[in-house]
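Each remark here refers to the structure printed beneath this line.
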2 protein chains.
Amino acid sequence: MPNTVINTMEEIEEILEERGVRPTTMRLLIYKFLSEKRVALSLKDLENKFDRSDRTTLFRTLKTFEDKGIVHQIDDGSGVNKYAVCALECNCEIENDLHLHFHCNTCNETTCLTDHKIPQISLPAGYSAENVNLVVKGVCEKCS
Amino acid sequence: MPNTVINTMEEIEEILEERGVRPTTMRLLIYKFLSEKRVALSLKDLENKFDRSDRTTLFRTLKTFEDKGIVHQIDDGSGVNKYAVCALECNCEIENDLHLHFHCNTCNETTCLTDHKIPQISLPAGYSAENVNLVVKGVCEKCS
DNA sequence: AAATGAGATGCAACAGAAGTGCATTCTTTT
DNA sequence: AAAAGAATGCACTTCTGTTGCATCTCATTT
Ligand SMILES: [Mn+2]
Ligand SMILES: [Mn+2]
Ligand SMILES: [Zn+2]
Ligand SMILES: [Zn+2]
């Protein structure tokens with residue numbers, strides 16, 4: 001049950017414009033690539049895919065996407081940042097949108113478990129939460 | 001209410017030996033420093049403290065401590081690994097010992113909330129968990 | 001006590017990821 | 001067409017983590 005969504009280029013163009021991001025060719029391709037993968041991707045993954053484009057462009061595209069709420073960054077503990085497209089309703093808000101991420105120790109892939117919201121966390125007095133990152137490591141469905 | 005524990009050098013020596021780590025002078029000092037701080041420390045923090053010792057030694061000491069279950073590594077999303085001493089009973093096992101970590105966006109300090117265990121996480125069929133990392137970001141008691 | 005050997009430390013160098021300044025190219029607006 | 005603004009490409013830098021190898025320290029054996 002991959003949560004892969006195939007968007008037409010026209011749809012992607014709309015998504016980017018809605019978020020105030022100019023839909024250049026590279027950006028459309030990058031978004032398409034990200035959205036077709038069911039796992040989170042690193043800058044290196046983009047470099048491998050788009051070897052004719054410069055690292056910096058790919059890097060800044062990810063940053064732009066992140067700033068505009070088009071993708072979210074995932075720190076899965078591997079030491080490299082990964083990115084995955086946000087769901088349409090996602091605003092990366094702590095109240096409703098935070099899901100957990102699963103990192104497989106076998107295939108090293110990181111998956112968004114968008115249906116698995118992070119449970120309510122209680123904190124000591126005086127602490128206030130702005131963001132929560134929950135990464136479960138283990139063996140994924142495919143590798144078990 | 002800092003969970004700071006002051007150990008004598010003799011006590012620290014025992015702790016290291018129990019775990020099969022030879023209690024050299026540097027190791028004793030490093031353990032002491034770690035255990036007196038209520039926040040997780042990075043390699044850089046150790047470098048600043050022990051400027052007469054080599055980076056590599058500090059690095060390898062942390063690795064050794066981690067391997068032997070003397071400290072646990074914390075990935076707080078800041079991009080640098082941090083370390084904190086384990087509680088005595090801690091074996092870093094998923095069943096009983098996993099606590100959440102709090103990263104303050106103001107002072108950039110990361111705290112072990114050892115009393116706040118990570119709640120039970122449900123996973124989709126086919127996924128098995130070996131480890132869980134839960135980091136809450138926000139404003140800490142001190143900064144609020 | 002001297003020799004031995006394992007482990008710890010220090011130095012140097014490297015690898016990978018992230019980030020920045022600036023020149024160039026492309027796109028949109030006037 | 002000209003000008004302005006944004007995106008891209010190239011080079012270079014910084015930061016963190018990591019490893020190889022020589023040297024030193026210390027406990028044990030002879
Ligand atoms: Mn996700
Ligand atoms: Mn901790
Ligand atoms: Zn897997
Ligand atoms: Zn703080």
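Per chain, numbering begins at 1; letters A, B, ... match sequence-line order.
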Please answer whether the main-chain N or O of [Y] pairs with a side-chain N or O of [X] as donor and acceptor at a distance below 3.5 Å.
X       : Y       : result
T57(A)  : S53(A)  : no
E11(B)  : T8(B)   : yes
D67(A)  : T64(A)  : no
K117(B) : T114(B) : yes
S144(B) : G126(A) : yes
E18(B)  : I15(B)  : no

Discussion item. Filter on side chain to side chain donor-acceptor pair (under 3.5 Å), then keep only pairs touching residues 20-34 of chain A, sequence neighbours left out; what's left?
Written reply: K32(A)-E36(A)

Worksheet entry | Sole residue of K137(B), R38(B), K82(B) in salt bridge (Lys or Arg N to Asp or Glu O under 4.0 Å) with E109(B) | R38(B)

Worksheet item: If you walk 5' to 3' along DNA chain C, what is the first nucleotide with an atom under 4.0 Å of a heavy atom in chain B, and what is the last?
Response: dG7(C) to dA12(C)

Discussion item. Among residues at least two apart in sequence or on other chains, which ones pass salt bridge (Lys or Arg N to Asp or Glu O under 4.0 Å) with K49(A)?
Written reply: none

Worksheet, complete the sentence: Rounding to 0.5 Å, atoms CG (N81(A)) and CG (L41(A)) come to a distance of 13.0 Å

Worksheet item: From the 5' end of DNA chain D to its 3' end, which nucleotides mark the outer limits of contact with chain B, defined by a 4.0 Å heavy-atom distance cut-off (strictly under)?
Response: dT16(D) to dC21(D)

Item to complete: Within residues 54-64 of chain A, find the residues that approach DNA chain D with a heavy atom at under 4.0 Å, and present them sorted by residue number.
Response: D54(A), T56(A), T57(A), R60(A)

Worksheet item: Reading DNA chain C 5' to 3', what string of ( ), [ ], | and . shows its pairs, if Watson-Crick and G-U wobble pairs count only when both distances fall under 3.5 Å?
Response: ||||||||||||||||||||||||||||||

Discussion item. Once you apply a heavy-atom cut-off of 4.0 Å, does S42(A) come out as touching a base, just sugar-phosphate, or nothing?
Written reply: nothing

Worksheet item: Do the side-chain N and O atoms of H72(A) and H99(A) include a donor-acceptor pair separated by under 3.5 angstrom?
Response: yes

Worksheet item: In terms of hydrophobic clustering (I, L, V, M, F, W, Y; side-chain heavy atoms under 4.5 Å; direct or indirect links), are M26(A) and V85(A) co-clustered?
Response: yes

